[in-house]
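Below is one structure, written out as structure tokens; comments come after it.
Values below: every heavy atom of this structure, side chains too, minus hydrogens, waters and symmetry copies.
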Amino acid sequence: MRKRAEPAARQHDHGYGAAPLDRDCRLKKLRLPGHYPPDCDSAGMKRLGRRYGLWSRLRMFIFALVGLYITIPFLVKICPAIQTQLVFLNLVRFPYFIDLKRPQDQGLNHTCNLYLQPEEDVSIGVWHTIPAVLWKDAQGKDQAWYEEVMSTNYPVILYLHGNAGTRGGDHRVQLYKVLSSLGYHVISLDYRGWGDSVGSPSETGMTYDALHVFDWIKARSGDNPVYIWGHSLGTGVATNLVRRLCERETPPDALILESPFTNIREEAKSHPFSVIYRYFPGFDWFFLDPITASGIKFANDDNVKYISCPLLILHAEDDPVIPFHLGRKLYNIAAPARSLRDFKVQFVPFHKDLGYRHKYIYRSPELKQILRDFLGGTEQQ
């Protein structure tokens, strides 16, 4: 009886007829309590803990991101100043370390820096770049000389820049050089709140700054033609200004709009910043109504109906900031306008393959001839 019992006892010791616990922990699948080697159990728990911790952190990050996404529209609605700042971006002053009092540091050695005062407690910085053919005569000259030479036989362009940056922005400086080489005086300014100008930005204030500079130019330019050039947000300032000038019967000799939009609401809806919220419920109420409530309209589509001077629109097809279709739409509104029926209205597109995007139309070799053909025709008119 003892001999028969011995194999059974040995079988019982091995447990269910299986091999003894191996070092690879393969018997974990049996889930037998108390039979896991301590080192194997500890390693598995650590791996499980790491996975759980990673997933927990990822989940917290996703929740925070979703919370921020939902919170931002309410912050904009509660504090319209946020949306106002996004429109103007006047605190974004790149390039950051240039001295606006020294335009020669930007390669403009025939440019004078000066300051004008449109209103009490408001001061605006202005650059006057003379035609390139006069650059030798300009060396060492003061502001009085620059003002006097403005009455010589050269046309003047008042340049109104867009949001962000200053009058010393690189693409703006490059345009000044192009226009100067074509024989134009170029007057550029930083609106109140931009660059080294003093004051708080607003659509009304920006328009008044431009009007003050225009009147300053007219008082010194004699009978020379004065053209107004607006770029991006500056097109809104430009059409505001020209509408006002036409209403008081002192229109400029021509208006040039580079990369324009129809109105600020349509531009804000089309802007890259709005992509992630474009289909957010109540988008207009959250994001667009605060802009209107702040008194910001820049209604180019309405202003062109009251403008009485030649109009040239330039727009690149690959513009990622202000879509090309908005420039085309503005032209389609302006072309049949009764106030413009006696004046030349022209739209010049630049093919997307040229890569001029939002602010590089100055690189076009055709720009020189485009301006000569258009502005030459306006002088004859």
Original post:
Lys329: what forms a side-chain contact (heavy atoms from CB on, under 4.5 Å) with it, not counting sequence neighbours?
Top reply: Thr262, Glu266, Ile333
Original post:
Would a 4.5 Å heavy-atom cut-off, applied to side chains only, mark Val156 and Tyr184 as touching?
Top reply: no
Original post:
Hey, are Thr84 and Ser294 close enough side-chain-wise for a donor-acceptor pair under 3.5 Å?
Top reply: yes
Subject >> Results of side-chain contact (heavy atoms from CB on, under 4.5 Å) for Ala268 - residues two or more places apart only >> reply: Leu288, Ile291
Would you mind writing out the side-chain donor-acceptor pairs for residues 116-123 within the sub-3.5 Å range, not counting sequence neighbours?
residue, atom, partner, partner atom, Å
Glu119, OE1, Arg192, NH1, 2.8
Glu119, OE1, Arg192, NH2, 3.2

Subject >> Ring-ring centroid check Tyr176 Tyr159, cutoff 6.0 Å >> reply: yes
Original post:
Going through the distances and angles, do Lys359 and Asp319 end up as a salt bridge (charged side-chain N to carboxylate O under 4.0 Å, His left out)?
Top reply: CA-CA 8 Å; Lys359 56 186 181 182; Asp319 190 330; over 6 Å; no
Original post:
Are Tyr191 and Phe88 near enough that their ring centres are under 6.0 Å apart?
Top reply: no
Original post:
Are the aromatic ring centres of His358 and His231 under 6.0 angstrom apart?
Top reply: yes
Subject >> Given Trp285, Phe280, Phe286, the one that forms ring pair (Phe, Tyr, Trp, His ring centres under 6.0 Å) with Phe74 >> reply: Phe286
**OP:** Examine the side chains of Thr292 and Arg265 and answer whether a donor and an acceptor come within less than 3.5 Å of each other.
**Re:** yes
**OP:** Tell me, with the steps shown, if Leu179 and Leu371 meet side chain to side chain contact (heavy atoms under 4.5 Å, CB included).
**Re:** CA-CA 9 Å; Leu179 297 177; Leu371 294 178; 3.7 Å; yes
**OP:** Compute whether any side-chain donor of one residue and acceptor of the other, for Asn240 and Asn303, lie under 3.5 angstrom apart.
**Re:** yes
**OP:** Would you please say whether a donor-acceptor pair under 3.5 Å links the side chains of Glu267 and Asn263?
**Re:** no
Original post:
Would Asp105 and Arg102 pass as an ion pair if we require N to O under 4.0 Å?
Top reply: yes
Subject >> Verdict with reasoning, Asn90 to Gln85, per side-chain hydrogen bond (donor to acceptor under 3.5 Å, both in side chains) >> reply: CA-CA 7 Å; Asn90 59 297; Gln85 179 54 222; 3.2 Å; yes
**OP:** Kindly write out the residues that satisfy side-chain contact (heavy atoms from CB on, under 4.5 Å) with Asp142, not counting sequence neighbours, or none if the list is empty.
**Re:** Ala144, Trp145
**OP:** Please tell me if the side chains of His128 and Met150 come closer than 4.5 Å, counting only heavy atoms from C-beta onward.
**Re:** yes
Original post:
What are the two closest non-hydrogen atoms of Gly183 and Tyr154, and how far apart are they?
Top reply: O-CD2, 3.5 Å
Subject >> Shortest non-hydrogen separation from Leu311 to Ala334 and the atoms involved >> reply: CD2-CB, 3.7 Å
Original post:
NZ of Lys297: more than 12 outside heavy atoms within 6.0 angstrom?
Top reply: no
Original post:
Just by distance, with hydrogens left out, do Asn113 and Trp127 show a side-chain donor and acceptor under 3.5 Å apart?
Top reply: yes
**OP:** Any chance you could lay out the salt bridge (charged side-chain N to carboxylate O under 4.0 Å, His left out) test for Asp253 and Lys344, step after step, and finish with the verdict?
**Re:** CA-CA 11 Å; Asp253 291 275; Lys344 186 176 183 179; over 6 Å; no
Original post:
So, for Thr111 and Tyr146, which heavy atoms are closest and what is the spacing to 0.1 Å?
Top reply: N-OH, 3.4 Å
Subject >> Residues that Phe97 engages under side-chain contact (heavy atoms from CB on, under 4.5 Å), provided they are two or more places apart >> reply: none
Subject >> Single-linkage hydrophobic cluster Ile130~Leu108, side-chain heavy atoms < 4.5 angstrom >> reply: no
Subject >> Criterion side chain to side chain contact (heavy atoms under 4.5 Å, CB included) against Val213, the qualifying member of Ile217, Leu211, Asp209 >> reply: Ile217
**OP:** Step by step, work out the side chain to side chain contact (heavy atoms under 4.5 Å, CB included) result for Ile370 and Phe350.
**Re:** CA-CA 12 Å; Ile370 291 170; Phe350 294 86; 4.0 Å; yes
Original post:
Can you find a pair of side-chain heavy atoms, one from Phe374 and one from Pro310, that are under 4.5 Å apart?
Top reply: yes
Subject >> Qualifying salt bridge (Lys or Arg N to Asp or Glu O under 4.0 Å) pairs, either residue in residues 159-182, two or more places apart >> reply: Arg167-Asp190, Arg167-Asp196
Original post:
So, do Phe261 and Phe324 have ring centers that fall under 6.0 Å from each other?
Top reply: no
**OP:** Might you point out which heavy atoms bring Phe347 and Pro349 nearest each other, and give the distance in Å?
**Re:** O-CD, 3.6 Å
Original post:
Are side-chain heavy atoms of Tyr115 and Val198 found at a separation under 4.5 Å?
Top reply: no
Original post:
Can Arg363 be said to sit on top of Tyr360's aromatic six-ring, NZ or CZ under 6.0 Å from centre and within 45° of the ring axis?
Top reply: yes
Subject >> Donor + acceptor pair across side chains of His110, Ser180 (<3.5 Å) >> reply: yes
Original post:
Going by heavy atoms in the side chains, are Ile256 and Ile228 under 4.5 Å from each other?
Top reply: no
